[in-house]
2 protein chains.
Amino acid sequence: MPRPSLKDQRSGQILDAYLTCVARFGLEGATQERIAAEAGVKRPLLRHYLGNREDMIAALATHVIAAFAEVTEALEAHFAATGTPAELIDALFASGDGHDPRLMLAWQALATAAQNDPDLSRKLTQSYAEFLAVIETVLARAHPGAPPDRIRAAAHGITACIQTIDALEPIAPPATWRTDLKAAALTLATCLGGQT
Amino acid sequence: MPRPSLKDQRSGQILDAYLTCVARFGLEGATQERIAAEAGVKRPLLRHYLGNREDMIAALATHVIAAFAEVTEALEAHFAATGTPAELIDALFASGDGHDPRLMLAWQALATAAQNDPDLSRKLTQSYAEFLAVIETVLARAHPGAPPDRIRAAAHGITACIQTIDALEPIAPPATWRTDLKAAALTLATCLGGQT
DNA sequence: CCGTTTATTGTCACAAATGACAAAAAATAC
DNA sequence: GTATTTTTTGTCATTTGTGACAATAAACGG
């Protein structure tokens, strides 16, 4: 019988290196040389496991969207039925926990490249919408009387704070910025009950 | 005497095309071919007016930071001494007004590339901080009793909403998202008075 | 008209990225 | 040990990006 396949393991390893490079250099800056160096393999292996450049981008998009969905599902599992918005915010802003800034940076890079790719654009929009939906669910449960408009707005604002945290990461922002963005998210989450 | 110099005009024209390409393809994806095509000039002109690749990036960074500062100063001139936070939010989210989504996208692209360029990183951080400061000034004037922490947090949240609007632009988000993000910013601006 | 300065175009060489294929090495079943 | 399949490496041509220089065209003052 054949030699045991390392396809899954190697593919994951290369995809992770790809993710790192995209987060650091952007989508066009993530050359095969850099990816191979980051992954610690020879360049032809990239083609062997993930295909040509187009295939690699598609694989990365699938990976990022899947990882995003995983985060979303984990949040839903933990907070959809129980837990306060404050706990949700705590979990979202817990640094290092299960949260990977590379994911959002790669998401942004893909979004930039999606301007001429309606299908990718649609997938990214959907993944973002699903994330929003979970936040809305938690907020709506904590504030039954709040109007849907306010719930939606708060969910968008909270998500924007999270997104901005990761987007600012490359310029090494002052530590207070992180605190302030978390506080802003918390304000949005708790202010729903304060004023109708 | 010499032929009249078009340096300023041409430089501006090329820089604008550069900005467009960076917003669409990212910093590494903005090749000289694309820039020249976008600007409607031959490629060697880029070198003639802006220098080599490194010079071009520096020129773009200067341009983006200057444009950002211009927006900041305009805001300060209009709202620092008078005007409500609600009017500020209205101005910030007025589409097409004087606001150019390419600017924020290029800012992000530069930020991504600034990971190995401490000087650029510092300049970007500073431009962002100055923008924040103006928002804080307006909020503090409207809510004299609010603690500085809350003011800072609100300013960060509002800025995050603006940043996210532009960052989502490439994927052509639903119209409600824009409305919701503006509503979130408005909530942050007005919620300061509601609860101490 | 002439000279000077600038704009504009053309062209070359060099480096980097990518795509594609061939070949060697390794591991497992039989 | 042999065959088979997979991994891994090596190497080529093609394309693209960049840098640098030369040459032409144009505008203005004298």
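Because only heavy atoms are used, hydrogens play no part in the values below, and waters and symmetry mates are left out as well, while side chains stay in. Order of the sequence lines fixes the chain letters, A, B, ..., with proteins taken first and strands second; residue numbering starts at 1 for each chain.
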Compare side-chain N and O positions of [X] against OP1 and OP2 of [N] and report whether any pair is under 4.0 Å apart.
X     : N      : answer
A/R10 : D/dT6  : no
B/R47 : D/dT18 : no
B/Y49 : C/dT6  : no
A/H48 : D/dT7  : yes

Any side-chain heavy atom of B/E169 within less than 4.5 Å of one from B/M104?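 They are not in contact (no side-chain heavy atoms under 4.5 Å apart), so the answer is no.
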B/L15 side chain near B/Y49 side chain, heavy-atom distance below 4.5 Å: no
Looking only at side-chain N and O atoms, does B/R24 offer a donor or acceptor that is under 3.5 Å from a partner on A/Q115?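 There is no such pair (donor and acceptor under 3.5 Å, judged by atom type) between the side chains of A/Q115 and B/R24.
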Short side-chain donor-acceptor distance under 3.5 Å, B/E130 and B/Q126: yes
Please list residues of residues 28-46 of chain A whose heavy atoms come under 4.0 Å from any atom in DNA chain C, ordered by number; otherwise none.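 When residues 28-46 of chain A is checked for heavy atoms under 4.0 Å from DNA chain C, the hits, listed by number, are A/T31, A/Q32, A/E33, A/R43.
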Restricting to side chain to side chain donor-acceptor pair (under 3.5 Å), what partner residues turn up for B/T31, sequence neighbours left out?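 Scan of B/T31 (side chain to side chain donor-acceptor pair (under 3.5 Å), adjacent residues dropped) gives none.
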A/D90/A/K182 ion pair, N-O < 4.0 Å: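 Between A/K182 and A/D90 there is a salt bridge, with a charged N closer than 4.0 Å to a carboxylate O.
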State, to the nearest 10°, the angle formed by the axis through the first five base pairs of the helix from C/dC1-D/dG30 to C/dC30-D/dG1 and the axis through its last five. 0°
If you count the non-hydrogen atoms of other residues, nucleotides and ligands that lie under 6.0 Å from NE2 in A/H78, is the total more than 12?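 It does not: A/H78 NE2 has 12 such atoms or fewer within range.
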